Amino acid sequence: MKQPELLSKAKFTSYDSKGHEITHDYGKVYEADESQLTIAASTNQIVLILKLADNLKPPFYILYVLVVSRLDNEHGRYQSPLIETKEELTEFLLEYKQFFETDGRHHIKICTLDNSGRLIYDQHNVIFAYGQTEKYINLLEKEGFIEQEFSFPVPHAHAYNESNDRFEESLMNYWEWSTFALADGDVYD
């Protein structure tokens with residue numbers, strides 16, 4: 001049986017053996033390959049991203065990738081001005097934590113100016129981490145993550161929750177964003 005209160009806040013869903021849509025729970029797993037870590041965290045992704053970002057050197061910039069808009073905003077890549085401190089990055093991510101964690105209309109990329117690392121939180125509730133791989137793995141293992149092969153559930157669905165429309169509008173006005181067209185690979189299932 002569906003649990004509407006959970007599904008109404010779910011960003012990413014899959015289906016159980018009876019075909020019922022359920023909030024997808026990855027558990028706490030990661031998969032490492034030569035160039036990236038794929039991190040599947042079912043809850044508190046923004047808090048985890050902030051812990052991973054402790055290994056990165058400011059300044060930062062955000063690339064917000066809007067792939068679906070419920071408010072007729074232009075789909076595209078929105079690049080923030082430089083974010084000089086970890087505190088500024090933290091303030092932004094925590095202000096929109098609910099939006100990022102409960103809505104699948106976007107990806108968010110946290111990049112460093114010196115290219116020492118990059119963190120991508122995508123619409124599938126997965127974090128891709130580049131750069132400080134060993135430091136990231138040490139943190140993940142301390143947080144109780146286990147290494148195992150990872151794959152997206154098929155079929156699955158993304159939620160674009162009406163209750164989050166206020167965040168989309170607010171985020172579009174947070175900074176004076178530089179805008180760019182979507183790139184290959186920005187829209188995928």
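Source: prediction; values computed, not measured.
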Can you check side-chain contact (heavy atoms from CB on, under 4.5 Å) on L37 and L140, steps first, answer last? CA-CA 10 Å; L37 287 178; L140 292 170; 4.1 Å; yes
Polar side chain donor-acceptor pair, E149 to S151, under 3.5 angstrom: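 Judged by distance alone, the side chains do not pair up.
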Judged by modelled atom types alone, do Y30 and Q148 share a side-chain donor-acceptor pair under 3.5 Å?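 Judged by distance alone, the side chains do not pair up.
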How far apart are the closest heavy atoms of [X] and [Y], and which atoms are they?
{"X": "Q123", "Y": "G104", "answer": "NE2-O, 2.8 Å"}
{"X": "S170", "Y": "Y96", "answer": "OG-OH, 2.6 Å"}
{"X": "D25", "Y": "S42", "answer": "OD1-OG, 2.6 Å"}

Decide, yes or no, whether a salt bridge links D16 with K18 under the criterion of side-chain N to carboxylate O below 4.0 Å.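 No, this pair does not count.
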So, D165 and R70, do they make that salt bridge, N to O below 4.0 Å?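 Looking at D165 and R70, the cut-off is met.
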Quick one: list whatever passes side chain to side chain donor-acceptor pair (under 3.5 Å) with T179, sequence neighbours left out.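 T179 satisfies side chain to side chain donor-acceptor pair (under 3.5 Å) with no other residue.
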If you look only at distance, which donor and acceptor atoms sit under 3.5 Å apart when one is on a side chain in residues 48-60 and the other is two or more places apart or in another chain?
unit_1, atom_1, unit_2, atom_2, d
K51, NZ, E143, OE1, 3.4
K51, NZ, E143, OE2, 3.0
D54, OD1, K86, NZ, 2.4
N55, ND2, L52, O, 3.3

Is there a donor-acceptor contact under 3.5 Å from the side chain of [X] to the main chain of [Y]?
{"X": "K109", "Y": "L119", "value": "no"}
{"X": "D186", "Y": "A183", "value": "yes"}
{"X": "N164", "Y": "Y160", "value": "no"}
{"X": "Q45", "Y": "Y121", "value": "no"}
{"X": "N161", "Y": "T102", "value": "yes"}
{"X": "E31", "Y": "F150", "value": "yes"}
{"X": "N44", "Y": "V47", "value": "no"}
{"X": "Y136", "Y": "Y130", "value": "yes"}

Kindly say whether the aromatic ring centers of H106 and F99 come within a distance under 6.0 Å.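 Yes.
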W175 and Y78 aromatic centres sub-6.0 Å: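 Distance test on ring centres: not under 6.0 Å, no.
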Non-hydrogen side-chain atoms of [X] and [Y] separated by less than 4.5 Å:
{"X": "N173", "Y": "E169", "result": "yes"}
{"X": "Q79", "Y": "I62", "result": "no"}
{"X": "V126", "Y": "Y26", "result": "yes"}
{"X": "L63", "Y": "I108", "result": "no"}
{"X": "I83", "Y": "F92", "result": "no"}

For the side-chain hydrogen bond (donor to acceptor under 3.5 Å, both in side chains) test, which of E168, R105, H75 pairs with S69?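 Only one of E168, R105, H75 forms a side-chain hydrogen bond (donor to acceptor under 3.5 Å, both in side chains) with S69, namely E168.
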If you round to the nearest 0.5 Å, how far is [atom2] of [Y] from [atom1] of [X]?
{"X": "L71", "Y": "R166", "atom1": "CG", "atom2": "CZ", "answer": "12.5 Å"}
{"X": "E95", "Y": "I46", "atom1": "CD", "atom2": "CD1", "answer": "12.5 Å"}
{"X": "T90", "Y": "E87", "atom1": "OG1", "atom2": "CD", "answer": "6.5 Å"}
{"X": "D114", "Y": "T112", "atom1": "CG", "atom2": "OG1", "answer": "4.5 Å"}

Treating Ile, Leu, Val, Met, Phe, Trp and Tyr as nodes and any side-chain heavy-atom pair under 4.5 angstrom as an edge, say whether [X] and [Y] lie in one connected cluster.
{"X": "F167", "Y": "W177", "answer": "yes"}
{"X": "F180", "Y": "L66", "answer": "no"}
{"X": "L171", "Y": "L94", "answer": "yes"}
{"X": "I127", "Y": "L139", "answer": "yes"}
{"X": "M172", "Y": "Y174", "answer": "yes"}

Checking L82 against L113 for the side-chain contact (heavy atoms from CB on, under 4.5 Å) test, could you report, in this order, the C-alpha distance in whole Å, the side-chain angles of both residues, the deciding distance, and whether it holds? CA-CA 8 Å; L82 280 183; L113 198 57; 4.0 Å; yes
Apply side chain to side chain donor-acceptor pair (under 3.5 Å) to the pair Q36 and T38, showing each step before the final yes or no. CA-CA 6 Å; Q36 76 177 21; T38 303; 3.2 Å; yes
Which of parallel (below 30°), tilted (30 to 60°) and perpendicular (above 60°) describes F100 and Y64?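 Rings of F100 and Y64: tilted, 30 to 60°.
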